[in-house]
Amino acid sequence: MNHFEYIDGVLHAEGVALPELAEKVGTPFFCYSTATLERHYKVYADAFSGLDATVCYAIKANSNQAVLKTLGKLGAGADVVSVGEMRRALRAGIAPGKVIFSGVGKAEDEMREALEADIAQINVESIPELIELNRVALDMGKKARIALRINPHVDAKTHEKIATGKAENKFGIDWTRAIEVYRDAAAMDGIEVTGIAMHIGSQLTDLTPFREAFTRLASLVEQLRAEGIEIRNLDLGGGLGIAYQGETPPLPDAYGQMVRETVSHLGCHITLEPGRLIAGNAGIMVSRVMYIKDGEAKRFVILDAAMNDLIRPTLYNAYHEIIPVEEQGENDKQATVDIVGPICETGDTFGKDRKLPDNLKAGDLVAVMSAGAYGAVMSSTYNTRALTPEVLVKGNEFAIVRPRQEIDELINMDQIPGWLD
Ligand code: LLP
């Protein structure tokens with residue numbers, strides 16, 4: 001459920017009409033709904049009520065400070081994957097004790113800053129990384145609280161670029177070697193083993209792979225306990241999918257129930273790292289039609305947004321619903337169109353063979369739905385296009401939470417070497 005709805009024929013974000021926002025902010029822009037963010041967080045957190053659990057929002061999905069503050073106020077912790085993300089989480093007021101540092105490779109300076117900040121846990125993904133963290137911690141006179149991220153060799157049955165739990169994926173330590181690596185970790189003076197972590201992929205629309213992975217995780221915890229290695233925290237990662245195109249992913253409640261069934265008997269603290277589920281349908285991208293081009297084979301709707309603003313369709317063939325901001329009348333004629341951006345790449349296409357009003361014209365606005373997660377955070381300045389602004393709505397109010405970048409700001413980052421002066 002989200003709070004982007006037509007009111008009197010005009011698409012609104014909560015109480016704010018999108019054409020008004022477009023006038024004030026220009027296009028394209030990302031627009032987030034506070035009510036949807038809050039609702040998603042609460043529904044998800046409620047699915048674990050009664051369990052000793054912390055929801056550490058995976059801030060890679062949408063790390064705008066205003067989004068983090070909104071969720072932080074509800075009690076969210078943060079799952080971060082770089083020192084930059086860690087700073088974002090801490091600056092938004094999320095307590096270090098609720099921050100988990102994940103990621104395939106952490107640099108020494110990132111480890112130092114994380115240990116200095118005394119965050120809850122660092123998730124280690126390989127033996128060399130473990131050895132390095134031990135060295136850095138000892139050098140600082142500290143003990144690093146760690147979980148090992150275990151790769152359970154489970155197929156998440158999602159897009160190949162976002163599946164992370166198979167043997168051929170670069171993530172985590174193979175589950176078959178987990179016990180021996182835990183033994184090594186437990187013997188290191190700079191390491192305190194606190195947890196075990198898994199994340200098998202993103203946009204999962206079925207509980208079966210989760211169930212398989214968590215069952216494997218539970219049996220590992222029991223084996224570790226038998227060895228005298230105590231695991232206090234189970235980090236189950238994120239990955240629960242959302243509806244982009246009529247999918248029916250399990251509801252958070254069903255996911256919570258499956259978590260209870262698979263791991264609650266272990267009596268551990270549980271950490272969850274949802275990203276997409278919280279932010280995905282809480283955001284849209286609004287763009288203006290620049291031109292309608294009737295080609296021989298197709299009609300093209302050319303937007304002022306491009307693949308640099310929202311790369312998911314290009315990168316993952318991802319489907320995002322695209323709707324007109326002015327609601328189409330029930331009996332109005334529709335046209336079949338390709339909706340594209342202005343960048344010189346065929347991949348700069350938001351949707352193929354989509355239905356839009358036949359009378360859609362230059363200057364009209366469209367909304368690209370479900371763009372709150374992995375939208376703005378993945379944008380780039382390709383083609384020297386300035387980063388797109390972000391707007392947060394709350395009721396009848398809105399705030400620009402990241403202004404449009406100035407093109408000159410971008411160019412000014414380049415430096416001319418002396419020999420070219
Ligand atoms: N925890 C870890 C360790 C992760 O790597 C991820 C996502 C999450 C949690 C959050 O997963 P979520 O709940 O959002 O599925 N850019 C891609 C998605 C990449 C996900 C990477 N890891 C996309 O646009 O679909």
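Order of appearance sets the numbers: ligands from 1, and atoms from 1 within every ligand.
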Would you confirm whether N151, through its side chain, and H153, through its main-chain N or O, come within 3.5 Å as a donor-acceptor pair?
-> yes
Look only at the side chain of E129 and the backbone of K106, and say whether a donor-acceptor pair between them is shorter than 3.5 Å.
-> yes
For [atom], what is the nearest protein heavy atom, given as residue, atom name and distance?
atom	result
atom 8 (C) of ligand 1	H199 CE1, 3.4 Å
atom 17 (C) of ligand 1	Y316 OH, 3.1 Å
atom 20 (C) of ligand 1	Y374 OH, 3.6 Å

For [X] and ligand 1, does the shortest N/O to N/O distance drop below 3.5 Å?
X	result
G275	yes
G239	yes
R312	yes

Given E273, Q203, K161, K60, which has its nearest heavy atom closest to atom 4 (C) of ligand 1?
-> K60
Any [X] heavy atom less than 4.0 Å from ligand 1:
X	result
H159	no
I162	yes
P274	yes

Flag if over 12 foreign heavy atoms under 6.0 Å of OH, Y291 = no
Would you indicate whether E227, at its atom CD, is surrounded by more than 12 heavy atoms from other residues, nucleotides or ligands within a distance under 6.0 Å?
-> yes
Salt bridge between [X] and [Y], side-chain N to carboxylate O under 4.0 Å?
X	Y	value
R149	E125	yes
R112	E108	yes
D353	K298	yes
E180	R183	no

Atoms of ligand 1, numbered as shown, that sit under 4.0 Å from any heavy atom of [X]:
X	result
A58	8 (C), 9 (C), 10 (C)
G238	9 (C), 13 (O)
S202	11 (O), 12 (P), 14 (O), 15 (O), 20 (C)
R276	12 (P), 13 (O), 14 (O), 18 (C), 23 (C), 25 (O)
D79	1 (N), 2 (C), 9 (C)

Pair H320 + Y244: ring centers closer than 6.0 Å = yes
Are the aromatic rings of Y255 and F210 close, with centres under 6.0 Å apart?
-> yes
